[in-house]
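Reviewing the structure listed below.
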Amino acid sequence: MGSPFASVCTRSPRAAWAWLVVGLLLGLAPREAQASGRGRGDGPGLLLATQPYDGRYLSLGVNLAYEGLPTRDGEDGFLRGDLYPVVGLEASVVQLESRNLFWVGGYVDLTHTFPHEATRMSIGPEIGWGPVGVDLGLTGELRDGRVGGGFQVRGMLTVGYVAAYVSYISTYNATTRDFQPNAQVGLLLKLPFILAITGEPWRPGA
């Protein structure tokens, strides 16, 4: 007799993708927290970051955006054509050097676009300096019962716990046998939690 989890995933590929993201998060966070929870007197568990220390961070949050076609040369703005709302979840782990505010890490996200029922997952590396960052990810998309793959490139500007971003997405369409472009403009609302502190906090002019 199969497990309820296997039954749900067989009937709904989107549920399988969602469980995959949850599994990645649950598999990552406890190991990091256990290894670093008592480092430098922080105590057990994850703590919300309130200033930039040298260290490793786990950020969890939601994605709210609009998706459309990318603008052509000479056109204003970032999106054209019909716009569709996007909601999703995202997690990232980054290593920060507070002396120069350089950070590098990786992310995974799961988004759903309305109303045409497209679910997309992406995973990849990210890098940045201070509030400015960029990531590059491989994507998998489920749309109209078909699975496609591709990539996305995203630029971000972060202020506090909110990051504004613009992304370009290219997904292979097996029906037309070509890559179809999309673009997103949105906000990431993420809370950073301390996994490990390896140095002193950042100080202006230090």
Side-chain angles (χ1 to χ4, degrees), residues 9 12-33 46 48-49 56-70 78-79 83-96 103-128 131-144 146-172 179-193 195:
C9 290
S12 174
R14 291 191 182 91
W17 286 24
W19 277 110
L20 176 59
V21 174
V22 171
L24 287 172
L25 299 183
L26 293 180
L28 173 64
R31 289 196 300 270
E32 300 288 357
L46 298 178
L48 182 65
R56 188 163 57 253
Y57 298 84
L58 168 67
S59 294
L60 303 173
V62 298
N63 184 342
L64 304 173
Y66 276 99
E67 180 174 308
L69 295 174
F78 298 104
L79 304 177
L83 303 182
Y84 302 100
V86 178
V87 297
L89 300 174
E90 178 164 329
S92 60
V93 175
V94 300
Q95 180 74 33
L96 171 69
W103 51 270
V104 62
Y107 81 97
V108 59
D109 70 3
L110 181 70
T111 61
H112 186 76
T113 305
F114 299 93
H116 51 274
E117 303 296 317
T119 302
R120 183 183 297 122
M121 179 181 177
S122 69
I123 184 170
E126 57 184 358
I127 190 171
V132 179
V134 62
D135 60 41
L136 172 64
L138 296 176
T139 63
E141 182 181 88
L142 179 64
R143 184 193 299 261
D144 298 328
R146 295 184 176 88
V147 177
F151 68 92
Q152 79 169 13
V153 180
R154 180 171 58 178
M156 297 167 287
L157 178 64
T158 303
V159 178
Y161 298 141
V162 180
Y165 76 86
V166 177
S167 67
Y168 173 84
I169 306 163
S170 183
T171 306
Y172 182 75
F179 282 87
Q180 296 185 343
N182 291 96
Q184 287 184 4
V185 175
L187 296 175
L188 290 171
L189 312 176
K190 298 174 70 174
L191 295 179
F193 296 93
L195 295 178

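- Looking at heavy atoms from C-beta onward, Gln180 lies out of side-chain contact with Thr171 at the 4.5 angstrom threshold.
- Side-chain contact between Glu126 and Trp103: present, with at least one pair of heavy atoms (C-beta onward) separated by less than 4.5 Å.
- Met156 contributes atom CE, which lies 7.5 Å from atom CG of Leu188 (distance to the nearest 0.5 angstrom).
- Atom-to-atom distance recorded for Leu64:CG and Gln184:CD is 11.0 Å, nearest 0.5 angstrom.
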Exercise. What's the verdict on side chain to side chain donor-acceptor pair (under 3.5 Å) for Ser122 and Tyr107, showing C-alpha distance, side-chain angles and the deciding distance?
Worked result: CA-CA 8 Å; Ser122 69; Tyr107 81 97; 3.1 Å; yes
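- Nearest heavy atom pair, residue Phe179 against residue Gly150, reads CE2-CA, 4.4 Å.
- Of the options Asp135, Ile169, Val166, Leu136, a side chain to side chain contact (heavy atoms under 4.5 Å, CB included) to Arg154 is made by Asp135 and by none of the others.
- Between Tyr168 and Pro70, the shortest heavy-atom distance links the atoms CE1-CG, 4.0 Å.
- No side-chain heavy atom of Asn63 sits under 4.5 Å from any side-chain heavy atom of Leu89.
- For the residue pair Phe114 and Tyr84, the shortest heavy atom distance occurs at O-CB, 2.9 Å.
- Of all non-hydrogen atoms in Ala65 and Tyr165, the two that sit nearest each other are CB-OH, 3.1 Å.
- With values rounded to the nearest 0.5 angstrom, Leu83 atom CG is found 9.0 Å from Leu69 atom CG.
- The CG atom of Leu110 lies 11.0 Å from the CD atom of Glu90; values are rounded to the nearest 0.5 Å.
- To the nearest 0.5 Å, atom CG of residue Leu142 and atom CE of residue Met121 are 13.0 Å apart.
- Side chains of Ser59 and Leu191 form no contact here, defined as non-hydrogen atoms less than 4.5 Å apart.
- Around atom OH of Tyr172, more than 12 heavy atoms belonging to other residues, nucleotides or ligands sit under 6.0 Å away.
- In this structure, Val62 and Val87 have side chains that are not in contact, with every pair of non-hydrogen atoms separated by 4.5 Å or more.
- For Phe78, the CZ atom sits in a loose shell: 12 or fewer heavy atoms of surrounding residues, nucleotides or ligands are nearer than 6.0 Å.
- Residue Leu48 holds its CG atom at 5.5 Å from CZ of Phe193, rounded to the nearest 0.5 Å.
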For this session: Would you please test Val104 and Val94 for side-chain contact (heavy atoms from CB on, under 4.5 Å) and show each step?
Result: CA-CA 5 Å; Val104 62; Val94 300; over 6 Å; no
